[in-house]
2 protein chains.
Amino acid sequence: MGRKVTARDVAELAGVSRSAVSMVLNGRGDGDVSPENQEAIRQAAAQLRYRPNSVARSLRNQATHTIGVVTDSVASGTYGGAMIAAASRVAAEHDFLLLVVDSHKDAQLEQDAVDLLQARQCDALMFVAEGLVPWQPPAAFHDDPCLLVNAFDPSGRALGIYGDEEQGGREAARLVLDRGHREVVHLHGTTDVVAVGRRIAGYRQKFEAAGLPVRLVPCGWEIDDGWEVGGRVLDEQQPTAVVCANDRVAAGVHLAAAQRGLRIPEDLSVVGYDDDPSLAAQLGLSTVQIPFDDMGAQAMRTLLAHLDGVPLPTADVELPSRAVVRRSVAAPAARGRRG
Amino acid sequence: MGRKVTARDVAELAGVSRSAVSMVLNGRGDGDVSPENQEAIRQAAAQLRYRPNSVARSLRNQATHTIGVVTDSVASGTYGGAMIAAASRVAAEHDFLLLVVDSHKDAQLEQDAVDLLQARQCDALMFVAEGLVPWQPPAAFHDDPCLLVNAFDPSGRALGIYGDEEQGGREAARLVLDRGHREVVHLHGTTDVVAVGRRIAGYRQKFEAAGLPVRLVPCGWEIDDGWEVGGRVLDEQQPTAVVCANDRVAAGVHLAAAQRGLRIPEDLSVVGYDDDPSLAAQLGLSTVQIPFDDMGAQAMRTLLAHLDGVPLPTADVELPSRAVVRRSVAAPAARGRRG
DNA sequence: CTGTTAGCGCGTTCAC
DNA sequence: GTGAACGCGCTAACAG
């Protein structure tokens with residue numbers, strides 16, 4: 001590769017000293033360098049396409065304008081990717097770049113990743129989880145400013161930013177309650193997932209406020225689960241609406257309903273969760289959107305502000321979920337009800 | 001943040017000079033430093049959790065162990081994400097990190113991105129396109145080793161790695177020819193997309209070799225296009241199989257077939273393209289997989305090998321596409337044929 | 001076998 | 001208004 005152009009080259013071409021170049025290009029030369037020399041320097045820099053070597057600059061400034069990101073699963077996953085893309089966009093607006101390392105949910109690799117990013121002198125660290133998880137930051141995490149995205153620190157030491165899952169549960173409930181449904185079953189996901197408890201809590205809150213029974217049925221996360229468990233529920237409980245653990249389960253319920261000759265939404269309303277980009281719109285599924293984009297963007301904004309001296313929030317930040325209304329929900333038809 | 005530990009600290013704790021630390025930790029101290037001192041150094045380093053400041057090391061070594069990636073669309077897109085994830089994985093295995101910048105298909109941003117990555121002293125540059133495109137690298141691109149992924153340089157100056165689309169067309173053709181179909185229509189995508197011409201060429205080749213007519217029908221890329229154009233084709237030409245521009249079009253053809261009471265695959269075989277992770281498996285669609293993962297991984301391997309002194313390939317590298325057989329193809333039923 | 005020294009390119013301070 | 005000198009932390013050449 002051809003020799004890189006340095007500040008010395010610019011200085012020579014402009015007929016000034018290297019320090020003058022540095023001052024002018026950093027906007028600090030106004031009282032120190034003559035206007036004509038400033039102009040000469042700028043021209044020389046442009047002519048040589050000079051860009052300061054940011055490695056040298058980082059070493060000198062003790063700041064790399066780089067945010068390290070540790071993510072627990074493929075950075076290209078649908079949801080993780082959205083958070084990281086949003087964070088990256090905000091970072092770019094502030095001339096920051098991201099260094100993303102995938103830990104593949106392996107604790108050792110995670111530790112290594114943090115070490116690596118610290119050695120690379122990232123100005124701050126970010127941990128991004130695909131699904132809301134408790135996360136104990138490695139000790140070294142606290143040496144630099146850090147933020148948890150879609151994760152929370154049980155010890156409360158690190159700040160977390162994540163979606164308000166309880167409110168998400170309320171939104172899901174509203175989607176059916178507002179249309180007058182009273183016979184509703186909630187096929188919820190496995191309770192090892194933290195978000196499930198919160199969603200159920202929000203869901204329960206709305207139903208109890210409406211004086212309606214809360215009917216919970218444990219279910220999995222896949223199409224098959226929705227088809228199987230959903231089918232059983234349709235047979236045994238004849239609900240007018242089903243609120244599902246996610247959009248895949250909702251897809252399964254769609255199939256189970258079709259199999260029984262039930263039309264959606266005329267005979268059965270279905271609510272999903274996640275707003276899966278490849279599923280929800282396609283099925284016309286009303287669903288609840290987890291604010292992945294907001295999380296990534298907001299986390300990055302918070303982190304960058306912090307680097308500018310703004311103190312971090314003292315408590316975790318919960319971002320609102322949004323209901324997306326499509327054609328899978330309607331008012332319940334007048335049909336036979338149980339007792 | 002607590003003061004970072006440097007080689008000087010390690011040297012003091014071990015009671016040796018800083019250069020001894022550097023040598024030992026870089027494995028270059030075997031003939032130069034006494035075993036006991038080596039041990040002392042290693043212990044001191046471990047005790048202090050010393051990690052060399054890689055910014056300083058980069059400045060000194062004129063190498064950052066970083067690959068810059070410019071991508072023309074959201075790095076989290078289904079396919080771009082897969083290529084970058086694969087590249088990232090291979091890079092990590094060699095202790096390289098990726099700096100990814102999204103140009104949003106904007107030529108100016110693209111130029112800025114290249115400048116930025118060069119200023120950051122990336123050891124090499126990679127351009128990743130979501131769909132196969134001709135791409136004229138900015139002049140500065142050539143200052144560093146560089147590689148185009150899913151893109152090719154019309155001027156032939158930069159090396160490209162991409163899927164063999166012509167072979168993909170052949171695979172799609174084989175999917176139906178091998179099962180004995182003779183009345184086949186190819187709903188191809190808009191010809192502004194480079195890959196389309198190549199796929200048609202491969203498709204044509206197989207059909208002409210079999211002595212069968214090549215029936216091409218221009219179509220778009222969306223579900224609606226498949227539904228509309230596919231429906232018309234089913235009505236007017238009664239093919240026993242349809243080969244589609246992509247999986248979304250194939251989904252549209254599924255709908256059109258269902259509407260006409262045609263069962264898949266009994267009455268109609270359908271072939272998609274792309275192996276869309278959210279569509280193909282779900283619909284049981286036989287399709288042709290574009291080797292995104294291979295492209296990313298292979299490109300990174302090639303680039304890293306080049307940094308180790310291995311010369312780059314002299315001609316573009318085309319990676320084979322793979323047919324994925326699912327239940328949407330079967331032998332044609334014996335039914336009325338046209339003259 | 002060890003320690004001293006000279007930069008990598010930049011930003012800043014301090015004499016001129 | 002300007003330019004020489006220093007140091008960020010590291011590696012490698014060279015003298016002891």
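Each chain gets a letter, A, B and so on, in the order the sequences are listed, and its residues count up from 1.
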dT11(D), OP1 or OP2 - any side-chain N/O from Asn26(B) closer than 4.0 Å?
yes
Donor-acceptor contacts, no H, no angles, side chain residues 308-320 of chain A, under 3.5 Å, sequence neighbours left out:
{"from": "Asp316(A)", "atom 1": "OD1", "to": "Gly160(A)", "atom 2": "N", "distance (Å)": "2.9"}
{"from": "Asp316(A)", "atom 1": "OD2", "to": "Tyr162(A)", "atom 2": "OH", "distance (Å)": "2.8"}

Drop me the distance from His94(B)'s NE2 to Arg301(B)'s CZ, to the nearest 0.5 angstrom.
8.5 Å
Can you tell me how far P of dT11(D) sits from CZ of Arg8(B), to the nearest Å?
15 Å
Is it true that a side-chain atom of Gln38(A) and a backbone atom of Val24(A) form a donor plus acceptor pair closer than 3.5 Å?
no
Under the ring pair (Phe, Tyr, Trp, His ring centres under 6.0 Å) rule, what pairs show up with a residue in residues 33-72 of chain B, not counting sequence neighbours?
His65(B)-Phe96(B)
Separation of dT12(C) P from Leu59(A) CG (nearest whole Å)
14 Å
What nucleotide among dC8(D), dG3(D), dT2(D) has an atom nearest to a side-chain atom of Arg60(A)?
dC8(D)
Winner on side-chain proximity to Ser19(B), out of dA12(D), dC10(C), dG9(C), is dA12(D)
From CE of Met23(A) over to C1' of dA5(D), roughly how many Å is that when rounded to an integer?
14 Å
Has Gln62(B) got a side-chain N or O lying under 4.0 Å from the OP1 or OP2 atom of dG9(C)?
yes
Please check this pair: side chain of Asp123(B) against backbone of Ala63(B), looking for a donor-acceptor N/O pair closer than 3.5 Å.
no
When we call it a touch if two heavy atoms are under 4.0 Å apart, what does Val55(A) touch: a base, just sugar-phosphate, or nothing?
nothing
Counting only side-chain N and O atoms of Tyr50(A), is one of them less than 4.0 Å from OP1 or OP2 of dC10(C)?
yes
For Ala56(B) and Ser17(B), take the nucleotide of DNA chain C holding the closest heavy atom to each; which residue's nucleotide lies nearer the 5' end?
Ser17(B)
Decide whether Thr71(B) and Asp102(B) meet the rule of one side-chain donor and one side-chain acceptor closer than 3.5 Å.
no
Could you tell me whether a side-chain N or O of Ser88(B) sits under 3.5 Å from a main-chain N or O of Ile84(B), the two making a donor and an acceptor?
no
Examine dT2(C): is either OP1 or OP2 under 4.0 Å from a nitrogen or oxygen in the side chain of Asn37(B)? Give yes or no.
yes
Rounded to the Å, how far apart are Asn61(A) CG and dG7(D) P?
17 Å
Distance in angstrom units between Arg18(A) CZ and dG9(C) C1', rounded
9 Å
Whole angstroms only, please: what is the CZ-P distance between Arg57(B) and dG7(C)?
22 Å
Distance-only polar pair, side chains of Ser103(B) and Asp72(B), donor-acceptor under 3.5 Å:
no
What stem regions, each of at least 3 consecutive Watson-Crick or G-U pairs below 3.5 Å, can be found for DNA chain D?
C:3-16 with D:1-14
Heavy atoms under 4.0 Å, any strand shown: does Ala20(A) hit a base, just sugar-phosphate, or nothing?
nothing
Atom-pair distance (NE2 on His65(B); P on dT11(D)), nearest Å
12 Å
I want to check one thing: is the phosphate of dC10(C), taken as OP1 and OP2, less than 4.0 Å away from some side-chain N or O of Ser58(A)?
no
Roughly, in whole Å, what's the span from NZ in Lys4(A) to C1' in dC10(C)?
15 Å
